[in-house]
Amino acid sequence: MDPRSRPYRSVLYIPGSKPRALDKARGLPVDAIIFDLEDAVSADEKENARDTLKEALAQGGYGQRIKIVRINGLDTPWGHDDARAVREMDADVVLLPKVGSPADIDALAAITGDLPIWAMMETPRGMLNAAAIAAHPVLTGMVMGTNDLAKELQTRFRADRLPMMAGLGLCLLAAKAEGLIIVDGVYNAFKDDEGLAAECAQGRDMGFDGKTLIHPAQVDVANAAFAPSAEEVDLARRQIAAFEEVEASGQGVAVVDGKIVENLHVATARETLAKAEAIEALQAG
Ligand SMILES: CC(C)(COP(=O)(O)OP(=O)(O)OC[C@H]1O[C@@H](n2cnc3c(N)ncnc32)[C@H](O)[C@@H]1OP(=O)(O)O)[C@@H](O)C(=O)NCCC(=O)NCCSC(=O)C[C@H](O)C(=O)O
Ligand SMILES: [Mg+2]
């Protein structure tokens with residue numbers, strides 16, 4: 001399956017230290033899981049969390065969900081041991097926090113080899129170096145770390161995320177330029193479905209592939225927001241059909257619902273259908 005079509009609507013953080021949550025995730029309808037060894041795990045629990053996580057992944061049961069392990073930074077007392085341990089885990093991706101430059105990715109790749117790397121984008125330096133980070137050959141995805149970014153920028157929370165926009169935009173541009181997956185940051189108020197839905201809608205409008213989540217109660221909201229709606233699927237089908245019809249008669253522009261449809265719109269329509277089919281296949285499997 002084309003990695004661009006594979007759904008990443010819901011990407012749930014699970015503290016690697018919590019066996020109950022690690023078990024619960026086996027039954028949650030998430031597209032990907034970030035098994036966390038970093039900020040969700042206290043310093044006292046770091047060593048145990050590594051073993052608990054390794055055991056949970058060895059037991060399996062996570063089905064088609066993409067398994068991402070977030071290690072501690074290589075400048076911390078745990079980072080190097082985490083990185084060595086990930087090589088022995090059943091993980092699809094290793095996620096490096098607080099990436100500031102491509103050299104950080106080089107340092108991790110020297111330990112983890114061919115394992116795909118994703119970068120947490122959550123520092124001002126990381127934002128400024130987003131293009132160079134995204135171009136790193138082993139990098140396949142980016143995750144916005146909006147809590148750390150807010151801390152570093154000394155911003156206040158705003159529902160419209162105005163203070164975040166420069167950073168979000170830079171990372172989106174960098175990820176799209178290199179064909180990477182990019183998922184949005186977390187919404188901390190995990191009992192506020194309305195606020196989460198609004199932030200998911202904003203992220204989807206901006207072009208994010210999905211949202212990182214902190215609690216199972218957030219999964220359905222993100223899955224709905226980042227899936228093509230029935231109306232989008234219907235429009236995509238009609239655009240393709242209308243374009244094929246005019247193309248057969250030697251023209252390059254169709255009109256659907258009073259709007260022009262050219263070959264680039266058809267490419268987007270085909271992507272929409274591919275994503276809808278991929279979601280259906282995931283749900284069926
Ligand atoms: C926020 C929480 C501490 C709340 O936990 P809890 O009080 O246990 O919630 P509930 O009682 O409502 O839980 C109900 C059941 O759901 C399970 N559960 C809870 N959270 C998760 C989860 N994330 N994944 C899987 N399962 C989960 C509980 O075990 C209960 O199960 P059961 O008893 O069987 O019914 C907690 O949700 C939590 O710790 N969330 C994760 C926090 C986290 O990962 N933080 C780090 C990532 S955020 C970040 O740092 C991003 C970035 O770096 C940045 O800078 O922005
Ligand atoms: Mg962070």
Side-chain angles (χ1 to χ4, degrees), residues 8 10-46 48-50 52-53 56-57 59 61-63 65-76 78-79 82 93-100 104 118-127 133 141-158 161 163-164 167-168 171 182-193 195-196 199-200 203 208 210-223:
Y8 286 91
S10 47
V11 181
L12 178 67
Y13 282 99
I14 304 182
S17 54
K18 291 193 176 169
R20 203 176 166 88
L22 289 167
D23 186 40
K24 192 172 181 85
R26 294 184 170 100
L28 295 172
V30 293
D31 293 339
I33 298 172
I34 296 176
F35 297 97
D36 195 16
L37 297 173
E38 200 219 16
D39 282 352
V41 177
S42 71
D44 290 349
E45 292 177 300
K46 294 281 188 195
N48 283 343
R50 207 182 289 134
T52 303
L53 176 56
L57 288 171
Q59 274 178 22
Y62 294 103
R65 300 164 188 87
I66 299 293
K67 300 177 296 266
I68 303 162
V69 175
R70 181 166 78 167
I71 63 170
N72 290 280
L74 296 180
D75 55 349
T76 71
W78 312 282
D82 287 351
V93 172
V94 55
L95 175 60
L96 185 65
K98 301 176 181 69
V99 173
D104 295 339
W118 283 22
M120 288 295 311
M121 300 302 290
E122 49 186 353
T123 65
R125 189 172 306 284
M127 306 295 113
I133 293 167
M142 287 181 156
V143 179
M144 296 309 306
T146 42
N147 278 322
D148 269 302
L149 188 60
K151 168 181 165 277
E152 297 295 316
L153 295 177
Q154 297 161 316
T155 64
R156 291 199 173 114
F157 173 81
R158 283 176 58 127
R161 296 200 290 175
M164 297 279 162
L168 295 174
C171 293
I182 180 162
V183 289
D184 202 354
V186 297
Y187 188 73
N188 292 340
F190 61 90
K191 294 183 180 168
D192 172 12
D193 282 356
L196 172 65
E199 202 169 280
C200 285
F208 284 104
K211 188 132 182 96
T212 45
L213 309 172
I214 50 173
H215 192 277
Q218 298 183 310
V219 174
D220 289 346
V221 174
N223 279 347

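Counting starts at 1 for both ligands and their atoms, in listed order.
Looking at Leu57, Thr52, Ile68, Leu12 one by one, the single match for side chain to side chain contact (heavy atoms under 4.5 Å, CB included) with Phe35 turns out to be Leu57.
Not a single heavy atom of Lys151 sits closer than 4.0 Å to an atom of ligand 1. Taking a 4.0 Å cut-off on heavy atoms, Pro15 registers as neighbouring ligand 1. Under a 4.0 Å heavy-atom criterion, Lys18 is in contact with ligand 1.
Within the protein, the N, O or S atoms sitting under 2.8 Å from the Mg ion (ligand 2) are Glu122 OE1, Asp148 OD2.
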Self-check item: Criterion side chain to side chain contact (heavy atoms under 4.5 Å, CB included) on Val143 and Val11, from CA distance to verdict
Solution: CA-CA 10 Å; Val143 179; Val11 181; 6.0 Å; no
Quiz item: So Val41 and Asn48, side chain to side chain contact (heavy atoms under 4.5 Å, CB included) or not? Walk me through it.
Solution: CA-CA 10 Å; Val41 177; Asn48 283 343; over 6 Å; no
Self-check item: side chain to side chain contact (heavy atoms under 4.5 Å, CB included) between Val94 and Leu96, intermediate numbers included
Solution: CA-CA 7 Å; Val94 55; Leu96 185 65; over 6 Å; no
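For ligand 1, the atoms sitting less than 4.0 Å from at least one non-hydrogen atom of Met120 are 52 (C), 53 (O), numbered in the order shown with element in parentheses. Listed by number with element, the atoms of ligand 1 under 4.0 Å from a non-hydrogen atom of Thr146 are 54 (C), 56 (O). Less than 4.0 angstrom separates some heavy atom of Ala40 from each of these atoms of ligand 1: 43 (C), 44 (O), 45 (N), 46 (C).
Nearest protein neighbour of atom 1 (C) of ligand 1, counting heavy atoms only, is Phe190 CE2, 3.6 Å. The single protein non-hydrogen atom nearest to atom 19 (C) of ligand 1 is Pro216 CD, 3.7 Å, given as residue, atom name and distance. In terms of protein heavy-atom proximity, atom 44 (O) of ligand 1 is nearest to Tyr13 CB, 3.2 Å. What sits closest to atom 56 (O) of ligand 1 on the protein, heavy atoms only, is Asn147 N, 2.8 Å. Atom 40 (N) of ligand 1 has as its closest protein heavy atom Ile214 O, 2.8 Å.
For the residue pair Leu22 and Ala56, the shortest heavy atom distance occurs at CD1-CB, 4.1 Å. When every heavy atom of Val99 is checked against every heavy atom of Ala119, the shortest pair comes out as CG2-CB, 3.7 Å.
Between the CG atom of Asp82 and the CZ atom of Arg50 there is a distance of 4.5 Å, given to the nearest 0.5 Å. To the nearest 0.5 Å, atom OH of residue Tyr13 and atom CD of residue Glu38 are 8.0 Å apart. In this structure, CD1 on Ile71 lies 11.0 Å from NZ on Lys46, to the nearest 0.5 angstrom.
For atom 50 (O) of ligand 1, the nearest non-hydrogen atom from the set Glu122, Arg70, Lys191 belongs to Arg70. Summarising the contacts of atom 17 (C) of ligand 1 with Lys24, Lys98, His215, Arg20, the nearest heavy atom is found in Lys24.
Under 4.0 Å from ligand 1, the heavy atoms of Asp36 that appear belong solely to its side chain. Contacts of Ala21 with ligand 1, taken as heavy-atom pairs under 4.0 Å, involve both backbone and side chain. Counting heavy atoms closer than 4.0 Å to ligand 1, residue Leu12 contributes side-chain atoms (C-beta onward) but none from N, CA, C or O.
Residues Val69 and Leu37 have side chains in contact (heavy-atom distance under 4.5 Å, counting atoms from C-beta outward). Within the 4.5 Å cutoff, side-chain heavy atoms of Ile133 are placed close to those of Met142. Within the 4.5 Å cutoff, the side chain of Asp184 has heavy atoms near those of the Leu168 side chain. Between Leu149 and Met127 the shortest side-chain heavy-atom distance falls below 4.5 Å. Contact annotation: the side chain of Arg70 approaches that of Asp39 to within less than 4.5 Å [non-hydrogen atoms, C-beta and beyond].
Salt bridge Arg125/Asp104: absent, no basic N to carboxylate O contact under 4.0 Å.
In this structure, atom 5 (O) of ligand 1 has its sub-4.0 angstrom surroundings free of protein heavy atoms. When distances from atom 8 (O) of ligand 1 to the protein are checked, no heavy atom turns up under 4.0 Å.
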